[in-house]
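Structure, as structure tokens:
Atoms within each ligand, like the ligands themselves, are counted from 1 in listed order. Throughout, residue positions are numbered sequentially from 1 according to the sequence presented.
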Amino acid sequence: MDAERIRFFLPEEKKEEKHAADKEKTYELIIVGGGPAGLTAAVYSARKAIDTLLLTKDIGGQILLTQEVENYMGYQYIGGKELIEKFKQHVQRFPVAMKEKTEVVRITNDEKTFTVETRDGESYHAKTVIIAAGKRPRPLNAKGEKELVGKGVTYCSVCDAPLFSGQNVAVIGGGNSGLTAVVDLIKIAKKIYLIESFPSLRADAVLVEKAERSDKVEKFLGYEVLEVLGRGRVENIKIKPKQKDETKTLPVTGVLIEIGLIPNSYLAKDLVKLNDFQEILVDCACRTSVPGVFAAGDVTTVPEKQIVVAAGEGAKAALSCYNYLLGLR
Ligand SMILES: Cc1cc2nc3c(=O)[nH]c(=O)nc-3n(C[C@H](O)[C@H](O)[C@H](O)COP(=O)(O)OP(=O)(O)OC[C@H]3O[C@@H](n4cnc5c(N)ncnc54)[C@H](O)[C@@H]3O)c2cc1C
């Protein structure tokens with residue numbers, strides 16, 4: 001029944017058509033973010049015939065960092081890249097204007113419209129906005145770290161651990177992500193230094209046991225990383241116990257940083273209310289503190305950061321936006 005209705009207002013020749021972003025018009029909706037929340041919002045808004053523009057840095061969001069997914073309904077197992085491709089194809093069947101490789105830096109409002117500004121100096125306009133900008137890896141902010149990103153420093157163990165086969169590496173972070181990285185590296189790395197700033201590990205017992213069973217793993221609990229050193233590539237890291245003033249230098253060619261994620265709410269920090277963790281405050285209908293601005297997925301205060309939750313919130317945000325637009329008409 002639904003499929004028939006879509007075919008009715010989406011002729012066959014339009015289904016794969018690319019729609020360019022238009023700076024001159026005022027869209028009914030701009031969605032920021034091309035992860036599960038933003039892409040699902042796009043499908044729902046298109047099905048309500050809302051004139052929509054989606055602006056995003058990439059298509060896929062955190063799923064790009066995920067090798068396999070075992071908890072998205074309908075698939076007992078699916079690779080991260082395969083799931084993104086399916087999401088993307090789904091959106092492309094609808095007439096949604098989309099601009100990738102675009103970072104939104106600021107959203108402002110006047111009485112009737114929102115202006116969405118991008119890093120490359122462009123501005124787009126809409127009557128409503130859905131912010132679905134998700135989260136990004138938290139940096140250590142150690143000396144030398146920034147300069148050596150991609151040259152031995154990585155924030156995605158899932159993607160990059162295989163690059164360190166046979167090498168000495170440091171994993172920073174004693175939570176589930178850090179310990180998952182350690183367990184994966186046990187099979188391929190020569191030596192793994194696990195560095196955690198707290199005096200104990202915070203990961204699930206099963207992961208901790210696996211790490212502790214391996215003689216390749218050496219733990220430094222209660223230590224901080226002072227500096228990542230190397231000429232052109234990582235060669236060493238300098239660490240220090242939090243309580244003492246002595247430093248150690250560990251010979252590593254890889255530094256895998258797994259210390260959590262931060263919400264990408266910076267683009268709306270002067271527009272909507274955030275909580276203490278920089279998440280956008282939303283009610284159960286994805287409404288933010290500003291009428292006409294909705295938010296969905298990991299960037300919000302909604303608990304449980306999962307693909308299925310983000311997708312569901314994206315759907316809700318689009319339907320709330322539809323009801324809001326009806327009130328404006
Ligand atoms: C390593 C890893 C493994 C995971 N494994 C699973 C799993 O197995 N199962 C599961 O359910 N969940 C898993 N998750 C969590 C899941 O990926 C997230 O909950 C989900 O992706 C959140 O979706 P989102 O759309 O809210 O945000 P994101 O996926 O973070 O997407 C945000 C989107 O916004 C874009 N964006 C960000 N800032 C801007 C900006 N300023 N301007 C324009 N665009 C912007 C990004 O490019 C991206 O497209 C995993 C997460 C990680 C990191």
Any N or O on [X] sitting closer than 3.5 Å to an N or O of ligand 1?
{"X": "E70", "result": "no"}
{"X": "A37", "result": "yes"}
{"X": "V158", "result": "no"}
{"X": "V104", "result": "yes"}

Legend entry - Nearest protein heavy atom under 4.0 Å from atom 47 (O) of ligand 1, yes or no: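 Yes.
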
Inset, instruction - State if T102 counts as touching ligand 1 under the rule of any non-hydrogen atom under 4.0 Å. - result: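 Yes.
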
Inset, instruction - Run the numbers for me: atoms of ligand 1, each under 4.0 Å from some heavy atom of G134, listed by number. - result: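 Ligand 1 atoms under the 4.0 Å threshold to G134: 27 (O), 28 (P), 30 (O), 32 (C).
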
Check residues 125-141 and write down every donor-acceptor pair under 3.5 Å in which the side-chain atom is one partner and the other belongs to a residue at least two apart or another chain.
from: H125; atom 1: ND1; to: T115; atom 2: OG1; distance (Å): 3.2
from: T128; atom 1: OG1; to: E28; atom 2: O; distance (Å): 2.6
from: R136; atom 1: NH1; to: N264; atom 2: OD1; distance (Å): 2.7

Inset, instruction - Would you mind telling me if ligand 1 is within reach of the side chain of A310, the backbone, both or neither, using heavy atoms under 4.0 Å? - result: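 For A310, only side-chain atoms sit under 4.0 Å from ligand 1.
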
Inset, instruction - Report the part of Y266 in contact with ligand 1, treating N, CA, C, O as backbone and CB onward as side chain, heavy atoms under 4.0 Å; options are side chain, backbone, both, neither. - result: side chain

Legend entry - hydrophobic_cluster_shared for F294 and L328, side chain cutoff 4.5 Å: yes

Inset, instruction - Kindly write out the residues that satisfy side chain to side chain contact (heavy atoms under 4.5 Å, CB included) with K240, not counting sequence neighbours, or none if the list is empty. - result: E224, L226, D245, T247

